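Just so we're on the same page: letters track the sequence lines, and every chain starts at 1. Source: prediction; values computed, not measured.
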Protein chains: 2
Amino acid sequence: MPTDTRDRILTATAELFRAGGYHGTSLKQVTVASGAPIGSVYHFFPGGKAELAEAVLASSGASYRALFELIADAAPDPVAAVTDFFDGAATVLEETGYLDACPIGTVALEVASSDERLRHATAAVFASWAEAIVTRLTAAGLDEATAGDLATTLIAGIEGVHAQPRRP
Amino acid sequence: MPTDTRDRILTATAELFRAGGYHGTSLKQVTVASGAPIGSVYHFFPGGKAELAEAVLASSGASYRALFELIADAAPDPVAAVTDFFDGAATVLEETGYLDACPIGTVALEVASSDERLRHATAAVFASWAEAIVTRLTAAGLDEATAGDLATTLIAGIEGVHAQPRRP
DNA sequence: GTCTATAGAAGGATAGAC
DNA sequence: GTCTATCCTTCTATAGAC
């Protein structure tokens, strides 16, 4: 399969971003973790690290959105949708020892004031999540404004939870 | 004043961490922003970048805690304390164009799984904040467990808010 | 305590054979 | 599409004069 290598680079980089963020991840690590040589990385992402990061943010963002939609649409009501989603996140955090966070939030904090292009990529992901949430909340009867505020609050909550390190 | 340089290094680094995080900040930037030569940085922080980061986390963490305590103790009740604090954070975010985030949260996400020492430093800060919140909530009549859970939620909220980039 | 110069390693990126 | 070798820059850290 020809695009197999590209996918491996994408998922490996997403995993590295979860652990070390954008600046904490080197292309050398990407080659080792993905098994792809540096030449292939630049073949699929001619724009280098920045273009790779942009693709990772978009693809990871879409995955998390799909996961939320899957859980939400299986839940009987919006309240259950939210608690199911947070319960799932809590389980993952517990099972992984609170080591790996959300690649979007980590990168978003790093690049907010320094990289216009990547900031846009993170903002697009959060906007997409908000849309998925708002759609379901308005369908359940909430007005647009309340649904939007609640979506922002929920996204802040899930991101903030991931910022908490393991204690001690 | 002999420790003046040390303070300038500390505050300059905290500002840089807010913008670019730990890995996104170089010691060269620290020297430029603080006006202190690299020799002085290593004079005050012989352990290099890691030791400097540890000091920045502790000092910034203490400042934010003090700010919360100031606002909370001026508020008539716990609910007002929380809304006053979040309102203050919102004002700062608006005034700065959502550019600079929380140095603790940013670094916490970067180092959670890669640097044991810095992870401890971030965990200590969050624990200190939680203590400040729990003290006031239990004084207001909440039981210890509920106060602890609420403190964690509030900290997650304030951190998650800072992870949101400016839109568009 | 301050400052400069520099060592030594690691980073991103490119060229070109295959 | 894959892989290696290599260039240039930047980074952390150290040495030593002042």
Legend entry - Pairwise side-chain contact, P78(B) with R136(B), heavy-atom cut-off 4.5 Å (strictly under): no
Legend entry - Residues that E69(B) engages under side-chain hydrogen bond (donor to acceptor under 3.5 Å, both in side chains), provided they are two or more places apart: R65(B)
Inset, instruction - Take the protein atom CZ of F45(B) and the nucleotide atom C1' of dT12(D), then report the distance between them rounded to whole Å. - result: 16 Å
Legend entry - Under 3.5 Å: donor-acceptor pair, side chain of S128(A), backbone of A124(A): no
Inset, instruction - Indicate, with a heavy-atom threshold strictly under 4.0 Å, whether G39(B) touches base, sugar-phosphate, or nothing. - result: base
Inset, instruction - Examine distances only and state if a side-chain atom of Q29(B) and a backbone atom of S26(B) form a donor-acceptor pair shorter than 3.5 Å. - result: yes
Inset, instruction - Determine: side-chain N/O of T5(B) to OP1/OP2 of dG1(C), distance under 4.0 Å, yes or no. - result: no
Legend entry - Candidates dT2(D), dG1(C), dA5(D) - which lies nearest the side chain of F44(B): dG1(C)
Inset, instruction - Tell me which nucleotide among dT2(D), dT4(C), dG12(C) gets nearest to the side chain of Y42(A). - result: dG12(C)
Legend entry - Rounded interatomic separation in angstrom, taking NZ from K49(A) and P from dG11(C): 9 Å
Legend entry - dT2(D) phosphate, OP1 or OP2, under 4.0 Å from S40(A) side-chain N/O: yes
Legend entry - Under 3.5 Å donor-acceptor, R8(B) side chain and S34(B) backbone: yes
Inset, instruction - Return the value, rounded to whole Å, for the distance between atom CD1 of I38(A) and atom C1' of dG16(C). - result: 16 Å
Legend entry - Interatomic distance where CD belongs to E51(B) and C1' belongs to dT14(D) [whole Å]: 16 Å
Inset, instruction - Whole angstrom is fine here: how far is it from CZ in R8(B) over to P in dC3(C)? - result: 9 Å
Legend entry - Whether W129(A) side chain and A151(A) backbone form a donor-acceptor pair below 3.5 Å: no
Legend entry - DNA chain D contacts among residues 12-37 of chain A, heavy-atom distance under 4.0 Å: P37(A)
